[in-house]
Amino acid sequence: MSGPPAFTFSSDLGGDVVDGERALAGAPDNHLRLGSGEGQVTRLLAGHFAIEPENAHLLLDLLPTVVHLRAGTDGAGRIAKLLELIGDEAGADRPGGSLVLSRLVEVMLVEALRSAPATLEHPPANLLAGLSDPPVAAALHAIHADVARPWTVADLAAEARISRSVLAERFARRVGLTPIEYLLSWRMAIAKRALRQGTQPIAEIARQIGYGSTSAFSTAFARVTGSAPGRYARRRTAE
């Protein structure tokens, strides 16, 4: 889940409903127990990923709110194996355990995301849906591999080996942005990270993401963020 949205718990369909956030906040040792103990046992494992706030929207807005993998699917089987490994590692005291756990959780997230499109008849427009469509994925990979190139829809269509009109339609339907809108968003995400780090001059950042002049980059950056690059960098450094 991205957010996450509000949620509730219940031990069965006709049982009392408990507010999830409130119940978890008061649960001893983060273990919440509902119901009488009869019937099938359900276990939940929770975690979270911290995303840099400046670019959180680029990822979260392009990912599904919830991914539901039903039991019996290929993706669910792999997730079950990963959960078994996570449980084994969490209960042991081995050298490098925290590193192994963090990597296993990252792999589980990737596995859940890449398995999701196969479970949806009509996947919503987001980055995940785009990566599941081979021609759109080819265009995305091309942008990521060479963000500084002055890409046009025709160039990206050539990379995807489909016509310009077909790529434009499929990209917007799958990703929720046009190819050029996505290119701009990706460039600005890279620029914001570089400005926050403060190790490169603005002219160099502009060149690396495909702008021929500092003024052209500054105009585009201000239009997207509402702030000039220099002011943005100073504000982030002060924070």
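- To the nearest 0.5 Å, atoms OG (Ser98) and CZ (Arg103) are separated by 9.5 Å.
- The nearest pair of heavy atoms linking Val153 to Ile180 is CG2-CG1, 4.0 Å.
- Glu181 contributes a side-chain N or O that, together with a main-chain N or O of Thr178, makes up a donor-acceptor pair within less than 3.5 Å.
- The closest side-chain donor-acceptor pair between Ser213 and Ser215 falls under 3.5 angstrom.
- Closest of all the heavy-atom pairs between Lys192 and Thr225 is CD-CG2, 4.2 Å.
- In this structure, Arg78 places its CZ atom where more than 12 heavy-atom neighbours from other residues, nucleotides or ligands lie under 6.0 Å away.
- Put simply, the side chain of Pro135 does not reach to within 4.5 Å of the side chain of Arg161, judged on heavy atoms.
- Leu177 and Ser185 make their closest contact through CD1-OG, 4.3 Å (heavy atoms, listed as atom of the first residue, atom of the second, distance).
- Of the possible donor and acceptor atoms, one in the side chain of Asp155 sits under 3.5 Å from a partner among the backbone N and O of Thr152.
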**Request:** Decide yes or no on side-chain contact (heavy atoms from CB on, under 4.5 Å) for Ile205 and Ile190, but give the supporting numbers first.
**Result:** CA-CA 9 Å; Ile205 295 172; Ile190 294 172; over 6 Å; no
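- Rounding to the nearest 0.5 Å places CD1 of Ile86 at 6.0 Å from CG of Leu82.
- Rounded to the nearest 0.5 angstrom, Glu159 CD and Leu140 CG are separated by 12.0 Å.
- Val175 is not listed as a side-chain neighbour of Arg170, based on a closest heavy-atom distance of 4.5 Å or more.
- In terms of heavy atoms, Glu89 sits closest to Gly97 at OE2-CA, 3.5 Å.
- No side-chain heavy atom of Phe217 sits under 4.5 Å from any side-chain heavy atom of Arg207.
- Cation-pi geometry between Arg187 and Tyr182 is not met at under 6.0 angstrom from the ring centre and within 45 degrees of the axis.
- Closest approach of Leu167 and Ala160 over heavy atoms only: CD1-CB, 4.3 Å.
- Looking at Leu156 and Phe171, their side chains never come closer than 4.5 Å, going by heavy atoms from C-beta outward.
- Using a 4.5 Å heavy-atom threshold, the side chains of Gln200 and Gln208 count as touching.
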**Pair Phe221-Leu195, side-chain contact (heavy atoms from CB on, under 4.5 Å): steps then yes or no** = CA-CA 11 Å; Phe221 189 88; Leu195 288 167; 3.6 Å; yes
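- Put simply, OG on Ser218 and CZ on Arg223 are 11.5 Å apart, with the number rounded to the nearest 0.5 Å.
- Looking at Lys81 and Glu84, no side-chain N of the basic residue comes within less than 4.0 Å of a carboxylate O on the acidic one, giving no salt bridge.
- Taken to the nearest 0.5 Å, the CD atom of Glu204 stands 11.0 Å off from the CD1 atom of Ile209.
- Annotation for Pro229 and Ile202: closest pair CB-CD1, 3.9 Å, computed over non-hydrogen atoms.
- Between Ser102 and Val105, every side-chain heavy-atom pair lies at or beyond the 4.5 Å cut-off.
- Salt-bridge annotation for Asp88 and Arg94: present, with a side-chain N of the basic residue lying under 4.0 Å from a carboxylate O of the acidic one.
- Note that CZ of Arg173 is 7.5 Å distant from CG of Asp133, once rounded to the nearest 0.5 Å.
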